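Since the structure comes first, as structure tokens, the remarks are kept for the end.
Just so you know, these numbers come straight off a predicted model, no measurement behind them. The chains referred to below are lettered A, B, ... by the order of the sequence lines, with proteins before strands, and numbering in each begins at 1.
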Protein chains: 2
Amino acid sequence: MRVSREQVTANREQIVVNAAEQFRRRGFGDVTIADVMKAAGLTHGGFYGYFDSKQALEAAVCERGLAESVAAVDAVRDGEGGEGTAAEAPLRRFVDDYVSARHRDAPEEGCTVAALACDAGRSGPELQQLFVSGITGMAGSLAGLRGQGSAEPAEDGGPDFATLSTMVGAVILSRAVAAADPELSERILAAARERASAPVE
Amino acid sequence: MRVSREQVTANREQIVVNAAEQFRRRGFGDVTIADVMKAAGLTHGGFYGYFDSKQALEAAVCERGLAESVAAVDAVRDGEGGEGTAAEAPLRRFVDDYVSARHRDAPEEGCTVAALACDAGRSGPELQQLFVSGITGMAGSLAGLRGQGSAEPAEDGGPDFATLSTMVGAVILSRAVAAADPELSERILAAARERASAPVE
DNA sequence: ATTATCTATAGATCTATAGATAATGC
DNA sequence: ATTATCTATAGATCTATAGATAATGC
């Protein structure tokens with residue numbers, strides 16, 4: 001039942017990718033090793049050939065996911081607008097994409113911070129250290145977006161943790177009521193979009 | 001081993017209070033019925049005389065905790081300042097208390113929204129309905145604080161979901177890094193405090 | 001007599017490991 | 001021969017229930 005070395009690489013990739021999706025949708029605790037391995041097309045017992053423990057997989061998933069989230073902000077900064085109004089300010093463009101019903105409804109392909117920050121708050125320092133990099137990186141890139149292409153003066157002030165808080169908070173709150181009151185969920189997102197995109201004094 | 005009717009009432013209270021503390025600190029999934037009953041001074045098996053299921057306990061805990069969170073905002077609005085600078089604007093006073101290291105470090109006695117909104121996002125519509133009331137109530141009371149005792153004109157615009165997003169988001173982010181980087185955690189809180197207290201255009 | 005609690009356990013689940021199996025790659 | 005995977009299972013845990021126990025309150 002052995003496979004080629006290329007297949008081993010591909011299998012590891014599948015484990016991480018499937019774990020990332022399931023963790024972001026359901027949290028660390030509700031996803032089992034068997035769930036992840038089944039989605040990756042492997043058996044439960046094979047997992048420990050790839051990772052020492054479930055915690056090690058959680059760390060691998062967060063490390064990659066957080067880097068992707070930082071890269072997503074940077075992509076907007078570097079003018080990878082693609083479609084949409086090219087005249088739209090970069091900050092507003094990113095905020096509108098992040099604080100959206102689409103993002104709310106697809107946590108498995110969305111931001112790791114919005115999906116797993118709460119779980120990180122209940123995890124150990126090793127995992128939290130990954131969120132230090134991710135949160136600092138996202139807030140730093142957000143500060144870069146602010147002022148860019150807008151009438152707003154370039155602020156001095158380091159990473160924009162306040163705007164990140166608004167955006168992440170809104171996605172989390174919108175998810176907390178989405179199944180019971182979709183209209184309220186939308187109002188939360190709309191209010192936060194406006195606030196996060198608005199100039200600061 | 002039967003107890004008086006008064007004791008039954010007190011026991012139920014102990015179950016809810018201890019569950020509220022443990023759920024807010026560790027989340028629904030990491031707390032067992034046995035944990036809660038032990039903290040309440042009862043045995044595991046006795047739980048089902050009080051609640052039909054763990055989910056029913058989760059709902060009872062959230063219903064009470066969310067009402068307390070709404071009441072905490074209203075208390076500031078109604079001028080229950082207590083200590084501190086009486087001249088301080090009500091909004092700032094509440095924000096400074098909520099977006100704080102004290103609140104970050106004591107989720108068990110803190111806001112249910114900040115502690116369990118993520119878990120609610122992974123729960124069913126019944127639990128989410130409780131968050132509909134809690135979030136709407138808190139955002140409505142926050143809108144009342146804004147403008148009160150400040151130079152800011154009284155806004156028309158309904159519940160202040162944007163400010164609530166900033167506050168909840170900041171507490172969640174600060175908790176996600178607290179064990180790894182206390183200084184960063186403080187910077188997040190400070191940035192969000194300033195943003196949430198600032199006038200809006 | 002009623003009823004809240006306790007003891008004991010069924011049934012299910014989960015992480016992690018041990019040993020067998022079979023295909024790769026020197 | 002090496003090694004990735006699979007089968008099977010140990011050991012621990014968790015929700016929920018059944019039946020026994022013992023104190024309350026009519």
Side-chain angles (χ1 to χ4, degrees), chain A residues 1-62 116 119-120 122-124 126-127, chain B residues 1-62 116 119-120 122-124 126-127:
Chain A
M1 299 263 173
R2 193 183 165 189
V3 296
S4 73
R5 245 179 336 196
E6 288 165 8
Q7 189 62 44
V8 169
T9 304
N11 284 350
R12 187 187 174 93
E13 179 68 14
Q14 279 303 301
I15 293 171
V16 173
V17 167
N18 284 288
E21 290 181 1
Q22 298 195 47
F23 282 159
R24 281 185 282 194
R25 177 160 284 281
R26 297 158 52 202
F28 295 143
D30 289 345
V31 178
T32 69
I33 304 292
D35 288 336
V36 172
M37 293 300 278
K38 186 174 185 181
L42 297 166
T43 57
H44 179 183
F47 173 77
Y48 295 91
Y50 288 96
F51 294 94
D52 287 340
S53 66
K54 190 182 179 186
Q55 277 195 13
L57 175 62
E58 292 168 3
V61 163
C62 286
L116 293 171
D119 298 64
R122 300 169 187 150
S123 298
E126 306 82 6
L127 193 87
Chain B
M1 298 265 174
R2 192 185 168 192
V3 298
S4 72
R5 248 182 328 199
E6 288 166 7
Q7 189 61 44
V8 170
T9 304
N11 284 349
R12 187 186 174 95
E13 179 68 13
Q14 279 303 300
I15 293 171
V16 173
V17 166
N18 284 288
E21 290 181 3
Q22 297 194 49
F23 282 159
R24 281 184 282 192
R25 177 161 281 282
R26 298 157 53 203
F28 295 143
D30 289 346
V31 177
T32 69
I33 304 292
D35 288 335
V36 172
M37 293 301 277
K38 186 175 184 180
L42 298 166
T43 57
H44 179 184
F47 173 78
Y48 295 90
Y50 289 96
F51 293 96
D52 286 340
S53 66
K54 190 182 180 185
Q55 276 195 14
L57 176 62
E58 293 169 2
V61 163
C62 286
L116 293 171
D119 299 64
R122 300 168 187 150
S123 299
E126 306 82 6
L127 193 87

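For A/A20, the side chain to side chain contact (heavy atoms under 4.5 Å, CB included) partners are A/R24, A/V61, not counting sequence neighbours. Scanning for side chain to side chain contact (heavy atoms under 4.5 Å, CB included) contacts around B/A60 gives B/F51, with sequence neighbours left out.
Listed here is the closest heavy atom pair of B/R122 and A/R25: CG-O, 3.9 Å. Across B/V36 and B/I15, no two heavy atoms sit closer than the pair CG1-O, 3.6 Å. When all heavy atoms are compared, the tightest approach of A/D119 to A/F28 is OD2-N, 3.4 Å. The heavy-atom pair separating A/M37 from A/F47 by the smallest distance is CE-N, 3.2 Å. The shortest heavy-atom contact between A/C62 and A/L127 is SG-CD1, 4.0 Å.
Regarding B/Q7, its CD atom lies at a distance of 8 Å from the P atom of C/dT5, rounded to whole Å. For the pair A/Y50 OH and D/dT3 P, the interatomic distance rounds to 14 Å; values are reported in whole Å.
Screening residues 8-18 of chain A for side chain to side chain donor-acceptor pair (under 3.5 Å) gives A/Q7-A/N11, A/E13-A/R64, A/Q14-A/N18 as the qualifying pairs, with residues at least two apart or on separate chains. For residues 42-54 of chain A, no pair satisfies side chain to side chain donor-acceptor pair (under 3.5 Å), with sequence neighbours left out. Residue pairs meeting the salt bridge (Lys or Arg N to Asp or Glu O under 4.0 Å) criterion with at least one partner in residues 32-42 of chain A, sequence neighbours excluded, are A/R26-A/D35.
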Which pairs, protein N/O on one side and nucleotides 14-18 of chain C N/O on the other, fall under 3.5 Å?
{"residue": "C/dT15", "atom": "OP1", "partner": "A/K54", "partner atom": "NZ", "Å": "3.1"}
{"residue": "C/dT15", "atom": "OP2", "partner": "A/I33", "partner atom": "N", "Å": "3.1"}
{"residue": "C/dA16", "atom": "OP2", "partner": "A/Y48", "partner atom": "OH", "Å": "2.9"}
{"residue": "C/dA16", "atom": "OP2", "partner": "A/K54", "partner atom": "N", "Å": "3.1"}
{"residue": "C/dA16", "atom": "O5'", "partner": "A/Y48", "partner atom": "OH", "Å": "3.4"}

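Within residues 10-19 of chain B, the residues having any heavy atom closer than 4.0 Å to DNA chain C are, in order of number, B/N11.
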Map every base of DNA chain D to its dot-bracket character, where paired means a Watson-Crick or G-U wobble contact with both distances under 3.5 Å and | marks a partner outside the strand.
||||||||||||||||||||||||..
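The side chain of A/R5 places an N or O atom within less than 4.0 Å of a non-bridging phosphate oxygen (OP1 or OP2) of C/dC26.
Considering only the side chain of A/V3, D/dT5 comes nearest among C/dT5, D/dT5, D/dT24. Of the candidate nucleotides C/dA4, C/dT24, C/dT5, C/dA4 has the atom nearest to the side chain of B/R2.
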